[in-house]
Amino acid sequence: MRRLFRFLILLTLLLAPAGMAAAQTTGQTSSQTGPQRTDEIEAELVSMSSWATPGGTVVVAVRQAIEPGWHTYWRNPGDSGGPTTLDWTLPTGVTAGEIVWPLPERQRLQGLVNYGYEGAVYLPVPIEVPADARPGTTLPLRVKALFLVCSDEMCIPRELTLGLDLPVREGAAPQDSAHGTAIARILEQAPRPAGIRAHATLENGVLTVTATGGPLAGKDPGASYFFPFESGALDHAAAQSGSWGPEGLTLVLSAGMKLASAGLTGPVSGVLATSHGAFEITAEPGPALTGATGSGDLDPLDDAAPTPAPAVAGTGWAVFGQAMLFALIGGLILNLMPCVFPILAMKAAALAASAHDTRRSRTDGLAFLAGVLATFLLLAGVLLGLRAAGEAVGWGFQLQSAPVTAGLALLMLAVALNLSGVFHIGGGLQGVGSGPLSRLPGGVGAFFTGALAVVVAAPCTAPFMAFALGAALLMPWPMALAVFLMLGLGLALPYVVVSLSPRLLAKLPRPGAWMERLKSLLAFPMYGAALWLAWVFSNQTGAEGLGLLFVAGLAAAAGLWLIGAGQGERALGRRGVIHTIAGAALLLAALGAATLAARAPVEARDGSSEDGTSGLASSPWSAEAVQAALSEGRPVLVNFTADWCVTCKINERTSLTTPGVKRAMDETRAVYLVGDWTRRDDAITAELQRHGRSGVPLYLFYRPGQTEPEVLPQLLTEGVVVEALNESANP
């Protein structure tokens with residue numbers, strides 16, 4: 001018993017890589033003057049002038065110093081994000097105007113284009129000072145600024161309360177020495193109306209804007225770009241082209257979903273950026289204006305222009321290195337995910353069998369690594385090939401196939417029966433405790449174990465895997481395959497390290513009867529895996545398919561029992577031919593039943609559901625359902641899940657369908673939407689990709705008034721969900 005206890009301790013160390021802590025900083029809220037900081041941004045309320053004059057207008061600005069790799073957003077954030085908002089608290093009689101938005105940059109991320117700012121940014125705001133303001137006093141200006149600060153991987157809302165105590169004096173005020181020049185430059189260059197006339201037409205999804213007069217007349221506008229004020233008016237990621245003439249220019253644009261569906265029912269407003277400046281225009285529906293073509297094509301937008309287009313994220317060497325590191329860490333953590341638990345029995349059995357044979361142990365460790373890497377390479381190659389062919393698939397696509405799920409369920413059953421001693425592969429029947437554990441001989445068995453670990457465990461994603469896989473799917477195929485191989489290395493590394501460490505192996509007890517008892521015990525996780533896969537299969541097909549799969553399982557179990565009986569007959573010196581032939585016939589029957597099960601008619605699934613333990617009602621996810629709920633002022637919790645994702649199911653049971661979550665959902669009138677990826681769904685695949693994910697789980701929380709959701713952690717707790725719901729009710 002002492003030896004078994006020591007073995008279990010060592011096994012725990014093997015299966016639990018070093019824990020990782022991730023510290024999350026929260027937004028700061030302060031009413032003090034001066035800079036306020038978070039990890040991603042520093043903000044401060046500053047003035048263009050040294051003082052305010054009674055009855056005059058003073059310009060203050062929210063200064064942002066954004067950390068490298070992060071950005072904030074323009075008034076129209078583009079395909080994702082949210083604009084900076086300001087909530088003022090001012091003395092009586094003092095009023096604040098609208099933000100004077102500087103010209104944004106185009107920020108390209110994967111297939112999206114956003115509009116925003118990086119580095120140092122000033123957002124000027126005019127402040128009207130009442131005539132009765134007394135010189136010698138101070139105006140306490142306070143503003144609650146809400147920034148959505150994003151990187152290529154995540155978005156974090158940061159709320160900072162900024163303050164400025166502005167003196168009141170008579171006479172013209174000089175510019176503030178620290179910030180006055182920068183704010184004045186922003187005001188000079190900021191887009192503004194300039195007497196430009198514009199018309200717009202919409203035909204077959206193409207929006208044509210002609211603009212003439214004002215500063216456009218008689219000039220080659222050079223590289224030009226149109227930033228719409230309204231999200232959804234244009235396809236932001238599509239190229240903009242056009243031509244120019246003696247009176248102005250013509251832009252040919254791709255209409256966005258909102259404009260394409262509703263039609264051109266009103267004016268289209270935005271900022272027209274040219275090489276001579278940026279101007280606000282309003283294009284009224286109407287025929288093309290004359291004089292806007294005939295002189296030449298517009299120059300393509302130069303990356304050196306005020307709105308540079310960054311390279312597609314995920315293809316640079318820095319991103320490649322980060323993806324490799326995150327893939328390694330994600331693979332290590334994958335050993336702790338519930339998806340991998342069934343495979344741990346096979347790893348533990350193999351480790352115990354070879355513990356005191358150094359050469360065999362090393363061979364098994366390297367063979368297991370080879371099996372993991374080869375299977376990762378195969379799955380990644382198929383995935384990249386399908387995506388290159390235009391298929392909308394993501395990581396875990398193999399378990400979206402009913403035939404694959406049925407085959408894996410029967411394979412898990414066979415492995416469990418093998419561990420239970422029903423039949424033997426290699427080695428024959430030997431004395432209890434004296435022979436090797438029942439498994440494929442030598443390195444072949446270890447290679448098979450590694451392959452099976454990947455097929456069953458990889459569909460669920462671990463922390464750090466989301467960024468790595470999302471970036472890999474955008475990289476050239478050699479770099480993408482390298483990322484997938486690094487993920488496999490992380491998954492296999494703990495087992496390989498122990499297999500190549502004689503000192504650790506020497507601490508395991510010598511082979512004996514305990515190994516047979518351990519082997520029999522480890523069969524039960526495999527039985528559980530077979531049942532789980534059968535349940536997944538039932539959700540992919542229906543009751544008829546499940547019944548046929550049960551028939552296949554029964555036939556397979558009986559066939560393997562007969563084969564095991566034949567092995568016993570041969571061990572006693574008999575031929576055992578009848579047992580073997582009957583067993584083979586039953587295995588063929590099992591294969592036929594499994595084929596019929598996979599071809600069984602698919603039963604339609606009810607769109608809405610209610611959890612039996614908590615009564616938490618859900619509806620199917622769709623982009624329209626999200627927008628409909630937000631338009632009613634209701635928060636939305638979206639759960640992208642699949643029946644074959646064990647992590648998803650554990651989260652749902654422990655963190656999404658508890659009485660506490662139901663109570664918070666009811667109190668906030670939140671809507672719960674489920675995106676079920678058990679069967680292939682291209683719309684869900686596209687939504688996962690939009691958030692940089694290639695697999696499930698993914699949890700999104702939408703707050704009313706915000707266009708982009710908060711991405712909740714992959715490993716949920718009830719407290720995280722309840723806190724998000726309560727914050728939406730008390731912003």
Side-chain angles (χ1 to χ4, degrees), residues 29-36 41-66 71-77 81-105 115-131 133 138-149 157-169 172-193 227 229 269-271 278-280 705:
T29 301
S30 171
S31 61
Q32 297 179 355
T33 60
Q36 306 295 311
I41 188 173
E42 175 185 288
E44 182 182 9
L45 188 61
V46 297
S47 175
M48 187 176 73
S49 306
S50 298
W51 63 75
T53 303
T57 300
V58 63
V59 176
V60 300
V62 174
R63 180 188 67 85
Q64 305 174 50
I66 307 168
H71 56 267
T72 58
Y73 293 94
W74 188 53
R75 57 183 294 179
N76 171 13
T84 298
T85 60
L86 304 179
D87 184 11
W88 292 92
T89 301
L90 302 172
T92 303
V94 178
T95 58
E98 298 296 325
I99 297 174
V100 180
W101 294 93
L103 190 67
E105 299 174 338
Y115 303 140
Y117 308 104
E118 299 177 348
V121 182
Y122 289 86
L123 299 183
V125 177
I127 301 292
E128 299 292 337
V129 181
T138 299
L139 295 178
L141 309 179
R142 302 291 182 267
V143 63
K144 185 181 294 182
L146 178 61
F147 308 96
L148 186 62
V149 194
R158 295 301 194 190
E159 184 179 276
L160 300 176
T161 300
L162 312 176
L164 173 65
D165 294 329
L166 191 63
V168 179
R169 299 182 185 177
Q175 282 190 356
D176 178 77
S177 58
H179 305 283
T181 301
I183 298 174
R185 186 182 304 113
I186 293 294
L187 293 176
E188 292 172 3
Q189 298 176 353
R192 64 192 65 201
F227 297 89
F229 286 153
S269 299
V271 171
F279 315 101
E280 291 185 5

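Small disclaimer: the values here were computed from a predicted structure and weren't measured.
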Item to check | side-chain contact (heavy atoms from CB on, under 4.5 Å) between F227 and L103, intermediate numbers included | outcome: CA-CA 9 Å; F227 297 89; L103 190 67; 3.9 Å; yes

Only pairs under 3.5 Å count here: list side-chain donor-acceptor contacts from residues 174-190, not counting sequence neighbours, and write none if there are none.
unit_1 : atom_1 : unit_2 : atom_2 : d
D176   : OD2    : A178   : N      : 3.0
D176   : OD2    : H179   : N      : 2.9
H179   : ND1    : Y122   : OH     : 2.9

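- For the side-chain hydrogen bond (donor to acceptor under 3.5 Å, both in side chains) condition, the pairs that include at least one residue of residues 47-63, sequence neighbours left out, are E42-R63, E44-R63, T57-E128.
- Legend: residues meeting side chain to side chain donor-acceptor pair (under 3.5 Å) with D87, ordered by chain and number and at least two apart, are absent.
- For Y115, the side chain to side chain donor-acceptor pair (under 3.5 Å) partners are Y225, H236, not counting sequence neighbours.
- Considering all non-hydrogen atoms of both residues, V149 and R158 come closest at CG2-CG, 4.0 Å.
- Using a 4.5 Å cut-off on side-chain heavy atoms (C-beta onward), F229 and N76 make no contact.
- Here the closest heavy-atom approach between residue G93 and residue P130 is recorded as O-CD, 3.6 Å.
- In terms of the ring-ring contact (aromatic ring centres under 6.0 Å, His included) criterion, F147 has no residue partners (sequence neighbours excluded).
- To the nearest 0.5 angstrom, T89 atom OG1 is 7.5 Å from K144 atom NZ.
- Between L141 and L90, some side-chain heavy-atom pair lies under the 4.5 Å cut-off.
- The distance from the CD1 atom of I41 to the OG1 atom of T84 is 7.0 Å, given to the nearest 0.5 Å.
- The heavy-atom pair separating V125 from G97 by the smallest distance is CG1-O, 3.4 Å.
- Between A43 and L160, the shortest heavy-atom distance links the atoms CB-CD1, 3.8 Å.
- Not counting sequence neighbours, the partners of T72 by the side chain to side chain donor-acceptor pair (under 3.5 Å) test are Q64.
- The shortest heavy-atom contact between P54 and A133 is CG-O, 3.3 Å.
- The two atoms that bring W101 and Y117 nearest to each other are CE3-OH, 3.6 Å, heavy atoms only.
- In this structure, R142 and D165 have side chains that are in contact, with non-hydrogen atoms separated by less than 4.5 Å.
- Considering L139, L45, L162, L123 in turn, L45 is the only one that fulfils the side-chain contact (heavy atoms from CB on, under 4.5 Å) rule with V60.
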